[in-house]
Amino acid sequence: MNFELPSELEEYIQKLDTFINTQILPLQHKDDNNRFFDHRREPSRTQWTNGGLPTPEWENLLTQARQIADEAGFFRFPLPKEYGGHGHEDTNLWMCALRYHMASHPIYGGGLSLANDLQNEHSVVGNFPDFLMLHHWGSPSQKATFIPSRLAGEFRMTFGLTEIHHGSDATHMDTRATKCLLSDGRPGYSITGNKKWQTGAHSATHLLVFARTSGDPGSARGISAFIVPADTPGVTISSFEYTLNMPTDHATIFLQDVRVPTSAIFGPLDDGLAIAQTFTHENRIRQAASSCGAARFCIDKSIAYARSRIVFGKPLSANQAIQWPLVELSTQVEMLRLLILRTATEMDAVQKKYGGKQPWVAIEKQLGHKISMCNYYANRLATQAADNAIQVHGGNGYSRHQPFEHIWRHFRRYRITEGSEEVQMRKVAGYLFGYKTTGLEKEDKATEVGTSKL
């Protein structure tokens with residue numbers, strides 16, 4: 001068993017570091033761009049007189065960085081080769097290693113830099129969950145229309161599952177889509193309902209709307225997905241919700257008799273929830289890697305500060321009250337990092353085995369509980385490490401001249417949004433107590449029976 005990263009991956013990380021140091025960080029330090037990252041970050045990023053939305057200057061800077069990364073060949077790394085990516089057979093392992101490295105880096109880590117600013121899911125190595133959905137579920141027409149536009153930055157889509165009254169219990173959603181005839185006589189659907197926490201709605205060209213088309217509340221069957229142009233009559237952005245970390249782009253949207261043609265149906269009719277599963281696991285394991293990296297960043301900064309800070313005539317680090325919490329956090333980070341990389345490797349193995357036959361279904365069954373372990377624990381650990389860093393740094397840590405309050409406020413979100421901590425722990429419990437199985441138990445038993453007959 002080899003616990004070292006592949007040499008090819010180590011070399012790629014070195015190339016990424018060189019690129020960031022020579023092209024991205026100089027842009028961050030150019031003019032007064034550091035106002036978006038230093039103690040002025042929140043007011044510089046936020047339009048306080050316009051609903052708390054991101055400032056155009058902030059978003060333009062992020063776009064510029066992504067364009068530079070795309071030209072350098074880093075931005076599309078996780079995509080298939082035909083779309084400019086690397087199409088690597090071990091993409092999950094590589095993405096986890098890359099995200100951990102960027103979030104833990106002593107110079108541009110913490111999820112607070114132009115190279116990797118996680119408040120907006122921005123990174124010079126893109127994630128592309130919406131691309132995955134289009135690639136696997138889009139009709140030929142949808143793929144031909146939306147994928148090139150997505151890669152050019154001209155197609156931007158929200159993800160409309162959560163509602164005002166329904167979050168984790170999405171199968172009870174209020175939004176309904178009923179068959180109708182459009183004004184030109186074509187068959188279509190009329191969608192009425194609401195969606196909440198619609199990230200990116202301020203600049204979205206389209207909305208991905210999940211709506212019940214048949215079946216009873218609580219049933220996973222009978223929910224369909226629709227790609228709806230954002231300017232369709234009946235679509236109303238009611239508000240943008242102020243959040244713990246600002247700016248916000250999280251909208252509440254009302255849908256009133258929003259009429260779309262049947263060609264707007266995305267994926268299988270009445271089985272739309274399967275679409276969400278396409279990217280859930282990749283997102284969760286990659287988020288776990290980023291959170292684990294951010295925790296490492298906070299720990300390393302705290303150790304360096306404690307060693308340099310002199311109190312009562314000796315380094316702060318001489319006190320066991322300072323040492324022990326950092327010892328525990330460091331131990332947890334290292335164990336978690338190894339679990340994340342192992343789980344990512346196992347995900348890649350399942351994908352190789354199932355190829356194009358919807359590997360995410362097998363990943364959910366065989367590894368869903370391990371991915372949940374990684375995700376819920378990493379997101380909690382990031383907030384614990386940030387909180388401890390604030391304590392170690394004292395008044396300096398509480399100020400915005402240090403990044404820890406920003407890290408705590410941002411990563412606190414993931415204990416809810418990537419599948420709440422409680423829901424993920426329930427999934428793990430299902431496997432521990434036998435309510436769910438991986439499906440591999442039967443294979444192991446069959447092997448044992450076959451061996452016993454020899």
Side-chain angles (χ1 to χ4, degrees), residues 129-147 149-150 155-202 204-239 241 250-280 358 360-361:
D130 51 351
F131 171 90
L132 280 176
M133 292 188 290
L134 290 167
H135 180 62
H136 289 295
W137 295 105
S139 66
S141 175
Q142 289 168 341
K143 290 180 181 180
T145 302
F146 297 136
I147 287 182
S149 298
R150 166 62 180 92
F155 173 85
R156 299 175 296 278
M157 182 171 67
T158 61
F159 184 79
L161 191 59
T162 301
E163 298 186 349
I164 294 174
H165 302 295
H166 301 288
S168 298
D169 61 339
T171 56
H172 292 266
M173 66 177 57
D174 296 324
T175 303
R176 298 286 185 272
T178 57
K179 291 181 179 180
C180 69
L181 287 178
L182 304 182
S183 58
D184 58 6
R186 289 182 298 158
Y189 281 84
S190 170
I191 306 173
T192 296
N194 68 83
K195 297 296 170 184
K196 193 170 184 178
W197 304 117
Q198 297 305 283
T199 303
H202 69 300
T205 59
H206 292 74
L207 317 175
L208 179 58
V209 176
F210 290 85
R212 183 161 292 285
T213 46
S214 67
D216 299 320
S219 172
R221 180 72 180 170
I223 294 174
S224 303
F226 298 85
I227 298 180
V228 180
D231 58 358
T232 304
V235 174
T236 303
I237 295 180
S238 172
S239 61
E241 313 307 324
H250 312 298
T252 296
I253 297 177
F254 287 100
L255 308 157
Q256 183 60 46
D257 190 23
V258 176
R259 300 198 167 210
V260 294
T262 55
S263 60
I265 296 173
F266 183 52
L269 182 68
D270 292 331
D271 197 19
L273 287 183
I275 295 170
Q277 204 178 45
T278 310
F279 70 92
T280 298
Q358 299 187 358
W360 53 86
V361 176

Test item: [X] and [Y] side chains (from C-beta on) under 4.5 Å apart, heavy atoms:
X      : Y      : answer
Ile223 : Asp270 : no
Met173 : Leu161 : yes
Arg259 : Cys180 : yes
Leu255 : Thr175 : yes

So, applying side-chain contact (heavy atoms from CB on, under 4.5 Å) with Val258, which one of Ile253, Val235, Thr236, Leu207 is it? Val235

Mark yes or no for whether [X], through its side chain, and [Y], through its backbone, hold a donor-acceptor pair below 3.5 Å.
X      : Y      : value
Ser238 : Phe254 : no
Thr145 : Ser141 : yes
Gln198 : Lys196 : yes
Asn194 : Ile164 : yes
Gln256 : Gly193 : no
Asp271 : Leu269 : no
Thr280 : Ala276 : yes
Gln142 : His135 : no
Thr205 : Arg156 : yes
Arg212 : Arg221 : yes

Return the [atom1] to [atom2] distance between [X] and [Y], rounded to the nearest 0.5 Å.
X      : Y      : atom1 : atom2 : result
Asp130 : Ile147 : CG    : CD1   : 10.0 Å
Arg150 : Met133 : CZ    : CE    : 10.0 Å
Trp360 : Ile275 : CH2   : CD1   : 10.0 Å
Ser224 : Ile191 : OG    : CD1   : 9.5 Å

With distance as the sole criterion, is a donor-acceptor pair present between the side chains of [X] and [Y] under 3.5 Å?
X      : Y      : result
Thr199 : His250 : yes
Thr278 : Trp137 : yes
Thr192 : Asp257 : no

For the residue pair Phe131 and Phe155, is the inter-centroid distance of their aromatic rings smaller than 6.0 Å? no

Looking only at the aromatic ring of each residue, does the gap between the centers of Tyr189 and Phe226 stay below 6.0 angstrom? yes

Count the heavy atoms belonging to other residues, nucleotides or ligands that lie under 6.0 Å from CG of Asp216, then report whether that count exceeds 12. no

What are the two closest non-hydrogen atoms of Ala251 and Ala201, and how far apart are they? CB-CB, 3.5 Å

Between Phe279 and Pro129, the two heavy atoms sitting closest are CD1-CB, 3.6 Å

Identify whether the distance between the nearest side-chain nitrogen and carboxylate oxygen of Asp174 and Arg176 falls below 4.0 Å. no

Looking at Lys195 and Glu163, is any side-chain nitrogen of the basic one under 4.0 Å from a carboxylate oxygen of the acidic one? yes

What orientation do His166 and His172 show, parallel under 30°, tilted 30 to 60°, or perpendicular over 60°? parallel

Look at the rings of Phe146 and His206 and say which category their plane angle falls in: under 30° parallel, 30 to 60° tilted, over 60° perpendicular. perpendicular

Intermediate values then yes/no, side-chain contact (heavy atoms from CB on, under 4.5 Å), Arg186 and Leu181: CA-CA 6 Å; Arg186 289 182 298 158; Leu181 287 178; over 6 Å; no

